[in-house]
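This report concerns only the one structure given below.
Quick caveat, the model's predicted, so the values are computed rather than measured. Letters A, B, ... mirror the listed sequences (proteins, then strands); counts begin at 1.
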Amino acid sequence: MFVGRITGSVVSSQKVEAMVGQKLLIVEPLRVNEKDQSDLTPTGRSFIVVDTVGAGQGEVVLCVQGSSARFTPETKKLPIDAAIIGIVDQVHIGNREIFNSKD
Amino acid sequence: MFVGRITGSVVSSQKVEAMVGQKLLIVEPLRVNEKDQSDLTPTGRSFIVVDTVGAGQGEVVLCVQGSSARFTPETKKLPIDAAIIGIVDQVHIGNREIFNSKD
Amino acid sequence: MFVGRITGSVVSSQKVEAMVGQKLLIVEPLRVNEKDQSDLTPTGRSFIVVDTVGAGQGEVVLCVQGSSARFTPETKKLPIDAAIIGIVDQVHIGNREIFNSKD
Amino acid sequence: MFVGRITGSVVSSQKVEAMVGQKLLIVEPLRVNEKDQSDLTPTGRSFIVVDTVGAGQGEVVLCVQGSSARFTPETKKLPIDAAIIGIVDQVHIGNREIFNSKD
Amino acid sequence: MFVGRITGSVVSSQKVEAMVGQKLLIVEPLRVNEKDQSDLTPTGRSFIVVDTVGAGQGEVVLCVQGSSARFTPETKKLPIDAAIIGIVDQVHIGNREIFNSKD
């Protein structure tokens, strides 16, 4: 899985019927800062994902890719390859907290 | 999933029987402009995809990859790893609209 | 899927029993020329694929990757992750033909 | 599969129900040093994985990606695309030991 | 699939039960030399794979990735994403032999 930030959304009115009503969010994957591992830095990439946990704009989330994106009750019949499966509260590197959603 | 623009098409007369009658489109993935996130920029890559929603040349579409490309009524028996599952109307980054199909 | 050129072949006499009799071809993926989109250019990468359509050396073919490579009658029981599913006749970018197998 | 080092962890309280109680670890993939193949070097990438073997901070582990991450008794119903399936004791290149967990 | 050379091995005593007794090999993928296509060159990457054909240190092998790695009698219940499915005897580019295991 990967951790990413919700940066936006996609609107599609003409789509596969199973996808009607599914919110499409844009997530930018984050990586642990390579220099000193002190924070999460953006990667510049964009994935379109389906949300299963009620996440919102700006939140940092946990995403799954591939066939496993269909392994939740909400997504099991959807033609999707990426889904949000959790909202991230904290990220630790060793004993150091490098991200906290309340900051 | 990813967002891309339909740039062309591929003709193949000698192919797997299940693929007869399937239109093969070329899609170039787009990414959110890294500098100021003000528009979608081309990535220079090319994917060949099957269309399930009646998309046409130049349109921006939502594509799924992997086994999930077979999770639509039209594609469930096809040996494909990428499909268009929606036509994109708008893309928003935060509250800003960075793509509108009517522009 | 991706479009590639058959550049060679691999011989393996000691292999998984299901693969006996399967021809192993080397395919180099092609991409649409980024500068002016006027032709297909080599990517320098190599994939080993199984052929299902009788393609030959030098031909440009359509390839599928992942579990979908097993979704043809000939490949459904094979431990493979890439297969040729069509021979490419023409590639168009917009209205322009940038590849024709008869040229 | 790939070999990586556990560098941290992710806390997510609001998540898909099946994931409740699953520890989420951050793994940085390692590669064999290209220059002289004398050790394992970090790649700077980060994966979030589920642990099935009781691995801990700093340990070098064997990870599986994709649908196969669901092929263990502990993970078979989880919406995950990466899991730890072993703790690495030693890595050899030819006859040379380049990693030993006891060092 | 890809062609790679077996460069080493990984020892893991604490692992998923299904993996007990499975030999874990390190394979470095090879690519066709881009300059003149006269030989196979190393890529510097490392994959950990399970062997199904009795391959040994230094041999050039054919590897499959993803869910298809479980499509052999020996691997069908294993949580693996990569397996060796053949030992490579020769590689040809056009009519030229660029690799022979007997050289």
Exercise for the section: Return yes if a side-chain donor-acceptor contact under 3.5 Å exists between Asp81(D) and Ser68(A), otherwise no. Expected result: no

Problem - Portion of Thr52(A) that has a non-hydrogen atom of chain D nearer than 4.5 angstrom - result: side chain

Fill in the blank from the handout: Bottom line for Ala82(D): the part with an atom under 4.5 Å from chain A's heavy atoms is both

Practice task
Tell me, out of Val53(A), Val91(A), Ile85(A), who's got the most heavy-atom pairs with chain D below 4.5 Å.
Solution key: Ile85(A)

Exercise for the section: With a 4.5 angstrom heavy-atom cut-off, could you sort out which part of Glu17(D) is near chain A: side chain, backbone, both or neither? Expected result: neither

Handout entry: Proximity breakdown for Glu74(A) and chain D, heavy-atom pairs closer than 4.5 Å
Key = neither

Practice task
Go through the atoms of Val49(D) and report whether side chain, backbone, both or neither lie under 4.5 Å from a heavy atom of chain A.
Solution key: backbone

Problem - Part of Leu62(A) within contact of chain D (heavy atom distance under 4.5 Å) - result: side chain

Practice task
Locate the shortest heavy-atom distance separating Asn33(A) from Ser38(A); write the atom from each residue and the value.
Solution key: CB-N, 4.2 Å

Completion exercise
In short, Lys15(D) meets Gln22(D) closest at the heavy-atom pair NZ-O, 3.7 Å

Problem - Nearest non-hydrogen partners of Gly44(D) and Glu28(D), listed with the distance - result: N-OE2, 2.7 Å

Practice task
Answer with side chain, backbone, both or neither: which region of Ile80(D) has an atom nearer than 4.5 Å to a non-hydrogen atom of chain A?
Solution key: both

Exercise for the section: Please state whether the side chain, the backbone, both or neither of Ile6(D) comes within less than 4.5 Å of a heavy atom of chain A. Expected result: neither

Practice task
Answer with side chain, backbone, both or neither: which region of Gln65(A) has an atom nearer than 4.5 Å to a non-hydrogen atom of chain D?
Solution key: both

Handout entry: Close side-chain approach of Arg70(A) and Leu78(A), heavy atoms under 4.5 Å
Key = no

Exercise for the section: Determine yes or no for a side-chain-to-main-chain donor-acceptor pair under 3.5 angstrom, with Ser12(D) supplying the side chain and Ile87(A) the backbone. Expected result: yes

Practice task
Please name the residue in the list Leu40(A), Val32(A), Thr43(A) that meets the side chain to side chain contact (heavy atoms under 4.5 Å, CB included) test with Ser46(D).
Solution key: Val32(A)

Practice task
Please flag which part of Gln57(D) lies under 4.5 Å from any non-hydrogen atom of chain A: side chain, backbone, both or neither.
Solution key: side chain

Practice task
Taking the side chain as every heavy atom from C-beta outward, state whether Ser101(A) and Glu59(A) have any atom pair closer than 4.5 Å.
Solution key: no

